[in-house]
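Working notes, structure below.
In this text the structure is predicted, and so the values were computed from the model without any measurement.
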Amino acid sequence: MDKVLVTGASGLLGRELCKQLRAEGYYVAAVDNNFRYKYIPDCDEYNTDDITNYTSTVANDYKYVFHMGNINGTKYFYDIPNQLIESNINADFAVFNFVKQNPNCKLIYASSSEVVAGSTEFPTAEQTDICIKDIHNPRWSYRLGKIVGENYLMNSSLNFLILRFFNIFGTASGPGHFVRDVLDKIDNGDFTLIGADETRSFIRVEDSVDAILNIFNIASNDIVNIGSNEEITVLEAANILAAHKNKTIEWQFAPSNVGSVKRRRPDITKLLELYPSFKPAKFKDAIGDL
């Protein structure tokens, strides 16, 4: 039984990853400091230590490390940018150094579509150039950390795979993520909709993890987009969620947050080459259990 470590294991992506890895027969060690979520995932052992402490006190006897453990959520980009960038970069380097201890260990690193925010190429491929407008925008706190992580790994001797995730959602989505925020607004009678004309490519977490498990041990030292090739507007997505709640809403439109991107759609050509049968559910079909 191969032993794997999942960081950020209580989060949206981490908990589904733990569940599916165990179903595949792996021994799963899960770590999460519960900064955002207090949830014990399906695992063989669970630790609530901070990842920087955990990696400094245990030996690396893992075959794979799935590093999903960063502070995420748009709210945090703006509210605690300095804490976010310091925490995320420190966590990344703690994990990178941990993986270095074991030459037989492979790192699967969770990056983000935020890295290519502002791209003018759609669908957006992995090799797209990265540009930053207004370096002082607090939104880039999360993005900058991921750029540092990607750059480090691409110039390292580690065995790794970088996964760029695009707009994942699921039943466990927390505040600060679009789908949960809109559902909460509908429940609370707040019909303000920010950035209605922007587009996104939403993918349910189950499909994301299915993609991970079908490529993580066949692709190495590369970057792969994980997402859906369906692009819809924020307004269309909000109306689908309202219909799911059996409501028709007259939204009150509000301007986008500073730095929010106009469009987002991944090029998943590389993913489909690695996993030809991958077919993520359309947004309207994927929200049935929300």
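- In this structure, Phe66 has its ring center no closer than 6.0 Å to that of Tyr109.
- Taking the six-membered ring for Trp and the full ring otherwise, the centers of Phe160 and Phe96 sit at least 6.0 Å from each other.
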Problem set entry | Worked verdict on Thr192 versus Lys185 for side-chain hydrogen bond (donor to acceptor under 3.5 Å, both in side chains) | CA-CA 8 Å; Thr192 304; Lys185 283 184 175 184; 5.4 Å; no

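- By the 6.0 Å and 45° rule, Arg180 does not stack over the aromatic ring of Phe169.
- Contact record, Thr7 with Met68: OG1-N, 2.9 Å, taken as the closest heavy-atom pair.
- Shown here for Gly69 and Ala91, the closest heavy-atom pair between the two residues is O-CB, 4.0 Å.
- For Lys282 and Asp285, the salt-bridge test fails: no basic side-chain N is under 4.0 Å from an acidic carboxylate O.
- The cluster map of Ile, Leu, Val, Met, Phe, Trp and Tyr, joined by side-chain heavy atoms under 4.5 Å apart, puts Phe165 and Phe178 in different clusters.
- The heavy-atom pair separating Trp140 from Gly259 by the smallest distance is CH2-O, 3.4 Å.
- Thr199 contributes atom OG1, which lies 9.0 Å from atom CZ of Arg264 (distance to the nearest 0.5 angstrom).
- Residues Leu183 and Lys245 come closest through the heavy atom pair CD2-CE, 3.8 Å.
- The shortest non-hydrogen separation linking Ala30 to Ala9 is CB-CB, 3.4 Å.
- Taking the six-membered ring for Trp and the full ring otherwise, Phe93 and Tyr152 have centroids separated by under 6.0 Å.
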